[in-house]
Amino acid sequence: MLCALSSFPIPQSPNRNQIHHVKSQSSETLKIDLLRSFSSPFELRQVHAQIVKTNAPLSILPLTRVGLVCAFTPSFHYAQQIFECVEKQKPETFVWNSCLKALAEGDSPIDAIMLFYRLRQYDVCPDTFICSSVLRACLNLLDLSNGRILHGVVEKLGFRSNLYLQNMIVHLYASCGEMAEARLLFEKMPQRDVVTWNIMIAQLIKQGDHEGAYDLFSWMPERNVRSWTSMIAGYVQCGKAKEAIHLFAKMEEAGVKCNEVTVVAVLAACADLGALDLGMRIHEYSNQHGFKRNVRISNTLIDMYVKCGCLEEACRVFEEMEERTVVSWSAMIGGLAMHGRAEEALRIFSDMSQVGIEPNGVTFIGLLHACSHMGLINEGRRFFASMTRDYGIIPQIEHYGCMVDLLSRAGLLREAHEFILNMPMKPNGVVWGALLGACRVHKNVEMAEEAIKHLLALDPLNDGYYVVLSNIYAEAGRWEDTARVRKFMKDRQVKKTPGWSSITVDGVVHEFVAGEESHPDTEQIFQRWEELLEEMRLKGYVPNTSVVLLDIEEGEKVKFVSRHSEKLALVFGLMNTPAGTPIRIMKNLRICEDCHSAFKLISAIVNREIVVRDRNRFHCFNDNSCSCRDYW
DNA sequence: GTAGGGTTAG
């Protein structure tokens, strides 16, 4: 066995004691030592010498290590000689492939590509496995030029019929943005399997071509759980949660069982839609299938419960987790912030620091949100300063947005403006929009005009900005300016997004659009509203018609506000759910001021908890007060 | 020994 190496010079070890010592060891101990022993060809030669002296078989050498240690040194050939000696155990290409794999999947995929060229230089003929590992390296690096070379090699070596390699090549072209090329290859492939289709679907989704993805999905001859999950997750990622849920239902119909990844995707869709019923069902399914220890599932569950307004349930999931990552903590902090529970969010953050979890940028967005929603200005400033100073996190535009929101909401409009002007990057619509929104609350027309100037340049078709500006003018009694804004919108064909609210009763989602009477129960809803109104008036409720933009007479305005979508949804909920149970409503825009004060009163009158998730945050009404403490 | 889908913000 050692004969092949007998003519090869074995270096003298500088440490004779060590050799002497090794001599007395059993080969088992020697093996353990060897694993830790060499990190250079020189040391390898020493170990080699020890092996020869102790008569241990050369095969105890960790061959991948041998390869990696020699790969980029003049001892390359020495490694080859060692591989030759143990060839019966593992062929040379096998060993080199272990090295390539380790490099390709590790921190230095570029070294895998280098090693590949080295192998060719030493006349090692690549097999399919080697090609696969190097393609993996190209994929991880998104290295198209080397990928093309590899593609050529695969063709030249006659591996065209190898499905594994063809799939990787398609994947590579697609990931590098060469979709047309990927598509061509895909169409020319002599055979495809479900993986090929799945790769194409996932890549189309990544590039935003959901229609193309769905086309392939509906055409593919056979779908497995990954195909379904890719489509579902793709829909969730592009904000089409409804389509995701629809597809999930079809998947269940088709009898395909979901796995852990599907669970994550569906839960994320439930979070977006506020679909608590389905979310809870998936939670149960997840537990029954032993997914309880999956951290990503738990993280998504926290988010789902948070966004469905069940903070306590989110806390329970968080408490029960055996292992928590920065995502778990951040989801919890962000969730508490959304519900206006700033003190708890800050406490969770300190718990997190105590257990030694490093925060990331998202954690700070949650913290800044918490401060912003509750007016904790100094704490917010401290966090903003601390993120770079203590954690080396460079604030992104989102963090600046939070700070502008924090300052301007608190009425520090000048400081907020100053802050925007000093930002190291170009402020976006979110940043100026935060300032504009606060200008309304603090009735500052001048600053609003400054903000709108920038917003019009950035995003001239966003109706929200015009609506706020027009409100600001209206509240200042500047009706001519209000009219001017309206005309401006009309000229540019900007339409106000209709407000809608939804409520789920017995698993059915009921949607209400402001001013529309499309729901079959509209008649009864109006009737019940009138009754409620009587009770509310007795408690001092006066409709706040300043939220109505239209230039119409007061009586009409009152009628207008009473037809707001959140009010319709609430009344429907009161009529169709058992007394005492919480009512959960979702709204696409921010809740209006009149609805906010009305809901406070109603919560006391009917003695029920009303949870409203609006575009920005949660409002939890109880006994004539709101969790936002009217700061929003 | 080789190929495909997942979590927090917005």
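Because only heavy atoms are used, hydrogens play no part in the values below, and waters and symmetry mates are left out as well, while side chains stay in. Model, not experiment: these values are computed from the prediction. Every chain is numbered from 1 and lettered A, B, ... according to where its sequence line falls, protein lines coming before strand lines.
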More than 12 non-hydrogen atoms from neighbouring residues, nucleotides or ligands closer than 6.0 Å to CD on A/Glu187, yes or no? yes
I'd like to compare against my own output: the B/S/- annotation of nucleotides 1-6 of chain B with a strict under-4.0 Å heavy-atom distance to protein. BBBBBB
Residue A/Arg293 excluded, over 12 heavy atoms near CZ under 6.0 Å: no
In whole angstrom, give the distance that lies between atom CD1 of A/Ile302 and atom P of B/dA9. 11 Å
If I take atom NZ in residue A/Lys292 and atom P in nucleotide B/dT7, what distance separates them, rounded to the nearest angstrom? 22 Å
Please say whether more than 12 non-hydrogen atoms of neighbouring residues, nucleotides or ligands are located less than 6.0 Å from CE in A/Met280. no
Taken to the nearest whole Å, CG/A/Asn299 to P/B/dA9 is 11 Å
Which of A/Asn97, A/Val154, A/Asn162 passes side-chain contact (heavy atoms from CB on, under 4.5 Å) with A/Thr128? Answer is A/Asn162
Expressed as a whole number of angstroms, how long is the span from A/Leu368:CG to B/dA9:C1'? 11 Å
Would you kindly give the NE2-to-P distance between A/His399 and B/dT8, to the nearest whole Å? 16 Å
If we check ring-ring contact (aromatic ring centres under 6.0 Å, His included) with A/Phe384, which of these qualifies: A/Phe364, A/Phe419, A/Tyr391? A/Phe419
Within residues 312-336 of chain A: residues closer than 4.0 Å to DNA chain B (heavy atoms): A/Val327, A/Ser330
How far does CE of A/Met374 sit from OH of A/Tyr631, to the nearest 0.5 angstrom? 9.0 Å
A/Phe116-A/Trp96 aromatic ring centre distance below 6.0 Å: no
Donor-acceptor check, side chain of A/Asp303 to backbone of A/Ala271, threshold 3.5 angstrom: yes or no? no
